[in-house]
Amino acid sequence: MSIRITPLTDPAHGAHSRRLAWLASDADDNPVGTAFLRLFDGGQAHLAELTLQVHPVERLKGVGSRLLDTAVSAARDNTRRCVVAQAGAGSPGDRFLPACGFRKVLNLRYSRLPLADADLPFLAEIIERPHSGYRLASWQGTVPDDLARTFADSRRAMDDMPMEDTDHGTTTWDVDRVRAAAKAIEQRGDHLHTVVAVDTSNGSIAGFTELVVPGGGTGDARHYGTGVLPEHRGHGLGRWMKAESIRQAHGRYPDLGGLLTDTADSNTHMQRISGSLGYLPTHTTLQYQLDL
């Protein structure tokens, strides 16, 4: 099969990452596959994230291999140490990636809470239970100016999240970066909702949870992360914040179908929190890594 790989201009450049893109076409100029390579900066400048798709009827004809070779070459040219990619368990990608030298480094377990099934009295009990020394706060969109600095500092709560064998690194956050992330979500038409636990002794943020709701308020929203700073763990703040996030979503978006979350298999603590709030497992995705 004659395959042509064409570089594309991808507008999805952010302030802290950029994305390369390629289109694979057959001899008749029919598109048969795509590849996107996200290049990060900050504490993840060693990493490239690959998304590769081949039309089902064109698989096993060398399209995926050509796209992969192109993307890996670009990762090397950009001095990346590794390339990561995800595939559903049992999917064609789950067979393709290890055959191309990738090794499995992470199991991600996805769960969903049907919003109509949320136990509101139970959530209210969790939310209203006193957490001595802490209070909840929340906002939609960009962090308020008076909390911006401490919110950026609180992002290190994710630095030690279980990532199994992934060479993930850490993301370097500052005020500009958290504002840019919120702006990117707004520009694509979605809604970012953040709930935080505030240390009442000094007004600093001890932990946060983020939820991104589709712009139309229908379908499923997705949790982008829940983290508590190490020095504030053991007080039930993660469950407290997530319960408030669920309650707010239920009240603000009556047509929303559910809330999605993904958690590493090794992150048993967060799995227990989600399970206690009514989230049910849906599927597993595997993360693969190619060391360059």
Side-chain angles (χ1 to χ4, degrees), residues 7-23 31 33-45 47-53 71 74 78 84-88 93 108 110-113 115 138-145 147-148 151-152 154-155 158 161 168 171-196 208-227 241-242 245-246 248-263 282-283 285 287:
L8 303 177
T9 300
D10 187 348
H13 286 297
H16 302 282
S17 71
R18 55 193 176 93
R19 197 168 69 162
L20 307 179
W22 299 271
L23 173 69
T34 56
F36 297 89
L37 191 70
R38 174 72 67 181
L39 302 172
F40 300 96
D41 65 6
Q44 294 180 303
L47 181 67
E49 184 179 82
L50 173 68
T51 303
L52 192 154
Q53 296 287 337
N78 284 273
V84 296
Q86 289 189 13
L108 281 172
Y110 284 75
S111 300
R112 180 178 185 269
L113 173 66
L115 207 51
S138 62
W139 62 84
Q140 178 176 338
T142 304
V143 59
D145 290 345
L147 291 175
F151 181 55
S154 76
R155 304 295 302 203
M158 304 295 286
M161 65 179 174
H168 188 261
T171 304
T172 304
W173 291 93
D174 57 20
V175 171
D176 288 342
R177 188 163 195 151
V178 297
R179 286 175 173 158
K183 187 68 174 178
I185 293 170
E186 178 188 349
Q187 287 176 337
R188 70 173 188 244
D190 294 337
H191 309 292
L192 173 63
H193 294 270
T194 305
V195 176
V196 298
F208 65 90
T209 187
E210 294 178 309
L211 182 71
V212 176
V213 178
T218 60
D220 287 342
R222 182 177 293 276
H223 291 284
Y224 266 36
T226 300
M241 295 184 298
K242 205 160 187 176
S245 182
I246 297 168
Q248 289 187 13
H250 188 279
R252 292 173 175 171
Y253 300 99
D255 297 323
L256 197 61
L259 309 182
L260 304 175
T261 187
D262 61 271
T263 311
T282 58
H283 65 285
T285 292
Q287 182 154 300

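Sequence positions, counted from 1, serve as the residue numbers for this chain.
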### Query
Does Gln53 CD have over 12 foreign heavy atoms under 6.0 Å away?
no
### Task
Decide yes or no on side chain to side chain contact (heavy atoms under 4.5 Å, CB included) for His223 and Leu259, but give the supporting numbers first.
CA-CA 7 Å; His223 291 284; Leu259 309 182; 3.9 Å; yes
If you define the side chain from C-beta out and look only at heavy atoms, does anything of [X] sit under 4.5 Å from [Y]?
X	Y	answer
Leu8	Phe36	no
Leu192	Glu186	no
Gln86	Asp262	no
Val143	Thr194	no
Leu113	Lys242	no
Leu37	Leu39	yes

### Task
Could you walk me through whether Thr142 and Lys183 pass side chain to side chain contact (heavy atoms under 4.5 Å, CB included), step by step?
CA-CA 7 Å; Thr142 304; Lys183 187 68 174 178; 5.5 Å; no
### Query
Which residues satisfy the side chain to side chain contact (heavy atoms under 4.5 Å, CB included) test with Leu260, sequence neighbours excluded?
Arg112, Asp220, Arg222
### Query
Should His193 and Arg252 be marked as a side-chain hydrogen bond (donor to acceptor under 3.5 Å, both in side chains) after you check the CA-CA gap, both sets of side-chain angles, and the distance that decides it?
CA-CA 11 Å; His193 294 270; Arg252 292 173 175 171; 2.7 Å; yes
### Task
Go through Thr226 and Thr261 one step at a time and tell me if the side chain to side chain contact (heavy atoms under 4.5 Å, CB included) criterion holds.
CA-CA 10 Å; Thr226 300; Thr261 187; over 6 Å; no
### Message
Once you measure the plane-to-plane angle for Tyr110 and His283, does it fall in the parallel (<30°), tilted (30-60°) or perpendicular (>60°) bin?
### Response
parallel
Over all atoms of both residues, closest heavy-atom pair of [X] and [Y]:
X	Y	value
Leu211	Ser245	CB-OG, 3.8 Å
Pro214	His191	O-CD2, 3.6 Å
Tyr253	Leu115	O-CD2, 4.2 Å
Trp173	Ala152	CB-O, 3.9 Å
Pro7	Trp22	CA-CD1, 3.7 Å
Phe151	Ser154	O-OG, 2.7 Å

### Query
Would you call Asp145 and Arg179 a salt bridge, taking side-chain N to carboxylate O under 4.0 Å as the test?
yes
#### Entry: Side-chain (Thr218) to main-chain (Asp255) donor-acceptor, under 3.5 angstrom
no
### Summary
Value for CG (Leu47) from CG (Asp41), rounded to nearest 0.5 Å, stands at 11.5 Å
### Task
Output the distance between atom CZ (Arg155) and atom CD (Glu210), rounded to the nearest 0.5 Å.
4.0 Å
